[in-house]
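These notes concern the structure reproduced below.
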Amino acid sequence: MSYPLLRVHLDVMECNINRIISKFAEYGISVWAVTKGLSCPLELARMLSETKVTALADSRIMNIRRMKQDGIKVPFALIRIPMHSEIEDVIALADYSLVSDMGTLELMSRECESQKKEHSVLIMADMGDLREGFWPDEAEAIAAGLKKLSPALKIAGIGVNFGCASGVLPSRESMERFVSFGEKIEAELGRKLEIFSGGATTRSLIAIDSGLFPKRINNLRIGEGYLLGSDKSSGVTVPWLRQDTMELEAELVEVRRKPTKPIGEIGRDAFGNVPYFEDRGNRLRGILAIGKQDVNIGGLTPLDDGVEIITASSDHLLVDIEDCQQRHKVGDILRFSLDYTAMLSSSTSPYVTKIYER
Ligand SMILES: *Cc1c(COP(=O)(O)O)cnc(C)c1O
């Protein structure tokens with residue numbers, strides 16, 4: 001086995017996504033499974049394509065291309081608003097995209113015409129998180145612009161995102177304003193919109209039973225919820241989902257008793273910070289062959305009891321193992337759970353081996 005190793009339990013994720021699908025179904029809400037948090041491995045995409053999710057959603061057109069080339073047959077959604085430079089690929093490869101710019105919509109409309117291909121878009125509204133989205137009071141002007149587009153570019157509905165850029169949480173009130181944005185566009189277009197996509201994991205899973213969503217919300221795009229069983233913006237784990245979806249394993253390359261207080265004058269560390277270490281006397285410490293090139297260390301939590309993270313550099317993670325029951329030695333493997341940032345970084349790092357178990 002080659003370390004560091006990210007061990008992903010696809011069976012646990014499958015259990016999570018199925019619970020989410022059936023919970024949301026009670027409210028008439030469909031699920032798009034978002035794959036970007038784990039860098040969209042095909043093993044995950046294949047598993048998801050066998051569930052009742054209504055689309056696989058990723059932020060990179062490159063990943064949508066890989067999934068299609070693999071022969072996965074489900075609708076694909078691009079969830080990062082498209083670059084002008086990728087519109088040809090977006091129309092060719094994706095079924096849905098999220099859009100927040102009239103110029104981009106016009107280019108997409110022309111590209112649909114020239115490829116003789118249909119493509120669906122969700123018009124994004126910014127309800128306060130200040131990432132992507134039209135301003136909700138622009139509904140009339142937006143509808144006027146939409147009327148000029150090719151019928152091949154289908155206006156499938158509207159979407160909103162929370163919790164990503166500014167940490168803004170959705171509320172019943174902001175959801176109602178979002179719905180009325182969609183209804184204004186409907187009134188202008190003189191027809192109903194199919195999809196009201198009310199957000200991502202942020203607060204959705206924990207507040208769905210307490211009436212967060214008005215009736216018209218009929219879709220959510222979920223990543224973190226099934227990938228980690230948590231909702232980081234709300235700072236909680238979701239009680240009806242599992243959190244043991246993955247762990248990161250690293251190998252000890254040195255184990256030695258050393259002082260806890262560094263010896264000599266303290267300058268800056270490799271990252272420009274002046275570190276401070278409390279004097280706790282001599283303690284047993286280990287060096288793991290994993291570092292900042294592999295994972296965002298701040299997102300790791302030791303799973304072996306008694307292990308404490310001291311600090312890390314590019315390729316080394318120092319741990320205090322004085323309080324471990326087990327006497328660890330060089331060559332032993334220590335395990336860590338991951339938060340969203342650690343999942344994102346380790347799944348992206350080419351230095352981390354990935355195993356997908358089912
Ligand atoms: C990342 C993302 C999601 C999924 O977010 P999670 O918090 O992982 O559920 C949904 N929609 C958009 C637009 C995103 O960028």
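We count ligands from 1, going down the list as the structure has it; atoms in each ligand are counted the same way.
- Atom OH of Tyr27 has more than 12 heavy atoms from other residues, nucleotides or ligands within 6.0 Å.
- Here the protein heavy atom with the shortest distance to atom 1 (C) of ligand 1 is Lys36 NZ, 1.2 Å.
- Glu224 and Ser230 share a side-chain donor-acceptor pair at under 3.5 Å.
- For atom 8 (O) of ligand 1, the closest non-hydrogen atom of the protein is Glu224 N, 2.8 Å.
- Residue contact check: Glu132 has heavy atoms under 4.0 Å from atoms 13 (C) of ligand 1.
- Applying the 4.0 Å criterion to heavy atoms of Leu98 picks out, from ligand 1, the atoms 13 (C).
- Shown in contact with Ile222 at under 4.0 Å from a heavy atom are these atoms of ligand 1, numbered in order with element: 9 (O).
- Side-chain contact of Thr201 with Asp231: a donor-acceptor pair under 3.5 Å is absent, judged by distance alone.
- Annotation: atom 5 (O) of ligand 1 to nearest protein heavy atom, Ala200 CB, 3.3 Å.
- Checking only distances, Thr201 does come within under 3.5 Å of ligand 1, N or O to N or O.
- Atom 12 (C) of ligand 1 has as its closest protein heavy atom Asn161 OD1, 3.5 Å.
- The option from Met124, Arg131, Arg221 that lies nearest to atom 11 (N) of ligand 1, judged by heavy atoms, is Arg221.
- Remark: side-chain polar atoms of Arg335 are not paired, donor with acceptor, to backbone N or O of Leu303 under 3.5 angstrom.
- Under the 4.0 Å criterion applied to side-chain N and carboxylate O atoms, Glu322 and Arg257 are assigned as salt-bridge partners.
- Remark: Gln325 CD is loosely packed, at most 12 non-hydrogen atoms of other residues, nucleotides or ligands lying under 6.0 Å away.
- Environment of CD in Glu186: crowded, with over 12 heavy atoms of neighbouring residues, nucleotides or ligands closer than 6.0 Å.
- Side chains of Glu113 and Ser150: a donor on one and an acceptor on the other come within 3.5 Å.
- Put simply, no part of Thr202 is less than 4.0 Å from ligand 1, judged by heavy atoms.
- At a heavy-atom distance under 4.0 Å, atoms from both the backbone and the side chain of Ile79 approach ligand 1.
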